[in-house]
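All values derive from a computational prediction rather than experimental measurement.
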Amino acid sequence: MPNLVHVNYDQTGKSKSTNALGMREMQEKAYEGRTAQYLLLKAPPASGKSRALMFLALYKLKNKDIKKVIVAVPEKSIGASFGTTELKKYGFFADWKPNPKYNLCTPGVEKSKVSAFLNFLDSDEEILVCTHATLRFAFDGLDVKKLDNTLVAIDEFHHVSAEGDNILGQVLKSIMANSEAHIVAMTGSYFRGDSVPVLMPEDEAKFTKVTYTYYQQLNGYEFLKSLGIGYHFYTGKYFKKHPEKEMSALAEILDENQKTIIHIPSVNSAESSKEKHDEVDHIIDVLGTIEYQDETTGVIHVKSKKTGRILKVADLVQDNPKSRDKISAYLREIKSADDIDIIIALGMAKEGFDWPYCQHALTIGYRGSLTEIIQIIGRATRDSDNKTHAQFTNLIANPDAESEEVKLSVNNMLKAITASLLMEQVLAPNFKFKIKKDDDDDDEDEEDDDKTIKIRGFKLPTSKRAEAIIETDLNDLKAKILQNPQMLKAMPGNVEPEVINTVLIPKIIREVYPDLSDEDVEAVRQHVVVDSVIKNSTIEEQGDKKFIRMAGSFVNIDDIHIDLIDKVNPFQKAFEILSKSVTTQVLKLIDEHIQSTKFEMTEEEAILLWPKIKEWVKNNKGEQPNIQAFDHKEKRMAEALVFLRELKRKKTLADG
């Protein structure tokens, strides 16, 4: 199966170069927001968020009324990212030097760590590093006013949620409401993967946002040229031979020449065999035979079936804490691409795990969280001289007609595809969109470049709130749109594109941003649709003219009108690739599942479909669309016709 997403990068080196203060591009951008009380930093894995926080914190300690800095990370292993760091020799005014006594990301019980946390607040020390859990426990019974002169930095901020039972979310809300503390929130992906917002809109509006895109990061690398995202589908067990093939699905796509992290399915998922250690054994068996395991490092030496060479394998699935700590310590000290070949993991090696040499992130089983997918992809997108291409592959079980979980499997497959759609949006370069007026001459504005596209009929936002959503939140909004259950069923093409673009999308925008005016909802909607369609299209030059190829149409870029874009399903490309990659039987199962869950018909959609119904009747010699038709669009038009008749009947009764 071809990659659903393939993006090429320019290797500008920009994201890795540093300024006079020793700051990379993203860190410099974050530092511009250093005076803000609340700062939300959205930047991809490997962009240098931990060091960005050091610059911000040291500035606040020196120049503001901030006396203390608390850094909270989701798990102990990530605490190492905030250890002593030299900054002065690269041009900054101070080094980052936390006292090891207040590094609470160490072995030990939470009770003693909470005591240390409380002691820190009464001490002269300036910096403390702890886990989210320690922050939560310490907050219980803490007088929040004690944080008045404190900067609280929360790493991997998507762990926060506005949901009532999310304790970290409650802690954050209390700090904002009851203290003068400063907050820096850092995340590689602001969307959580579920429908619950990270922050309520009124709290989110208080944050100054700094956004550094995945494209800016990867395009500015030195070595990495391209990134691919692909999905493969298997029947039965991923590690067992397919009845009609010579090898298992895993063996087909596992390339021992690629430095690979393999994430096996969660034991609670349908794809899991429920025996995680057996799955590790099966993976090793696919690679070859074990020669020995190094007692000091925990590295498993496996003789390859294919080449006979020795592969170095790390098992992070094992339950023995001492053995796992041993191999984890080895992985932290890796200095060469030759030090490890394959890492097998379950819950580890995702957030904050740094293996720059990784070329392939191979994930088995559907991942419900878009954030988790982005974190896993981030393991392979570090820049390193051993690779020019990074690959993410998701092995997903085909729906089985005989299984009781067929609906779950279909939903998982559809959600996996939407995750790739979102990643395509995240990974592609950003465009600027402007209104094209009839009196526009051929001369480009001075600030226009090849990433600026002018569109007739385009609406611009009228409020600062809408401008900010378009500027910093577009991908987060797309994530919410792609996760919407109705949208999930509409995307494969069984609903008219205009309905998706002008009915479903604005409805979701209103739910997410209830404070927006109708004008601004329309402006945000147009930006979402246009940005999605353009990023899914290809732009080609012929002579001195540019053309855009979208959904089978080849249009002069100077003639683009919003009405034309609204006729394009911005999400259909992935499903077209899917239809070529799975069997007819699987496609039929997907189709049956979608048809079994009825859409509600709205008056807005029915009215939108009325011109199409009239055209359909005209083209079919007066025959009306059939509600029993196999064609989804004909069936939907017939449903709209029934709806309109019923609407007319009720109106007649009301008037009579």
Side-chain angles (χ1 to χ4, degrees), residues 436 438 455-459 481 484 486-510 518-519 521-523 525-526 528-530 532-533 536-537 548-556 559-573 575-576 579 591-592 594-656:
K436 185 172 182 70
D438 291 334
I455 301 165
R456 286 189 170 86
F458 194 58
K459 279 189 168 39
I481 289 167
N484 182 275
Q486 263 202 305
M487 185 62 70
L488 201 64
K489 291 178 283 186
M491 282 188 293
N494 51 316
V495 172
E496 289 289 343
E498 291 101 317
V499 175
I500 290 175
N501 293 332
T502 66
V503 178
L504 293 182
I505 289 177
K507 182 182 175 188
I508 297 165
I509 293 170
R510 286 189 191 95
D518 288 346
E519 282 182 295
V521 167
E522 176 60 12
R525 177 201 80 78
Q526 288 192 12
V528 167
V529 173
V530 169
S532 300
V533 168
N536 274 331
S537 306
I548 184 163
R549 191 184 295 279
M550 51 185 184
S553 300
F554 199 48
V555 183
N556 187 328
D559 296 332
I560 294 181
H561 193 286
I562 187 64
D563 292 347
L564 182 66
I565 289 178
D566 277 339
K567 289 181 170 63
V568 177
N569 179 344
F571 311 119
Q572 197 164 350
K573 179 177 136 188
F575 291 96
E576 289 170 356
S579 66
D591 181 53
E592 285 174 355
I594 290 171
Q595 293 308 307
S596 70
T597 51
K598 292 282 186 186
F599 288 101
E600 60 179 50
M601 176 69 69
T602 63
E603 183 176 350
E604 199 175 3
E605 181 183 353
I607 291 169
L608 193 70
L609 289 175
W610 176 241
K612 295 180 182 295
I613 294 168
K614 289 197 293 185
E615 185 182 351
W616 197 94
V617 171
K618 182 181 175 184
N619 293 337
N620 288 273
K621 300 177 181 177
E623 188 179 327
Q624 293 184 346
N626 184 356
I627 205 162
Q628 301 298 326
F630 289 108
D631 181 80
H632 304 311
K633 291 182 179 178
E634 180 185 352
K635 186 175 182 180
R636 193 62 176 162
M637 284 190 282
E639 290 169 349
L641 201 53
V642 171
F643 180 90
L644 289 169
R645 283 174 184 150
E646 182 64 13
L647 194 69
K648 185 178 179 182
R649 187 184 69 80
K650 287 178 180 176
K651 194 171 186 303
T652 303
L653 286 172
D655 292 344

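Looking at every heavy atom in both residues, Ala638 comes nearest to Asn626 through CB-C, 3.6 Å.
Within the 4.5 Å cutoff, the side chain of Asn484 has no heavy atoms near those of the Leu504 side chain. Counting only heavy atoms from C-beta outward, the side chains of Gln526 and Asp566 never approach each other to under 4.5 Å. Considering only heavy atoms from C-beta on, Pro570 stays 4.5 Å or farther from Val530 through its side chain. Looking at heavy atoms from C-beta onward, Lys567 lies out of side-chain contact with Asn501 at the 4.5 angstrom threshold. With a 4.5 Å cut-off on side-chain heavy atoms, Pro497 and Val568 do not count as touching. Side-chain contact between Glu605 and Arg636 is present, with at least one heavy-atom pair separated by less than 4.5 Å. Side-chain contact between Gln624 and Trp616 is absent, with no heavy-atom pair separated by less than 4.5 Å.
Partners of Lys612 by side-chain hydrogen bond (donor to acceptor under 3.5 Å, both in side chains), not counting sequence neighbours, listed by chain and number: Glu498. Scanning for ring-ring contact (aromatic ring centres under 6.0 Å, His included) contacts around Phe458 gives His527, with sequence neighbours left out.
The OG atom of Ser532 sits 6.5 Å away from atom CD1 of Ile505, with the distance rounded to the nearest 0.5 Å. The CD1 atom of Ile455 sits 11.5 Å away from atom CG of Asp563, with the distance rounded to the nearest 0.5 Å. With rounding to the nearest 0.5 Å, the separation of NZ in Lys436 from CD1 in Ile560 is 10.0 Å. Taking CD from Glu623 and CD from Glu634, the interatomic distance works out to 7.5 Å, rounded to the nearest 0.5 Å. To the nearest 0.5 Å, atom CD of residue Glu639 and atom CD1 of residue Ile613 are 10.5 Å apart.
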Requested in this report: Start with the C-alpha gap between Asp518 and Arg510, add the side-chain angles, then the distance that decides, and say whether side-chain contact (heavy atoms from CB on, under 4.5 Å) holds.
Outcome: CA-CA 9 Å; Asp518 288 346; Arg510 286 189 191 95; 4.2 Å; yes
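By the 4.0 Å N-to-carboxylate-O rule, Glu522 lies close enough to Arg525 to be salt-bridged with it.
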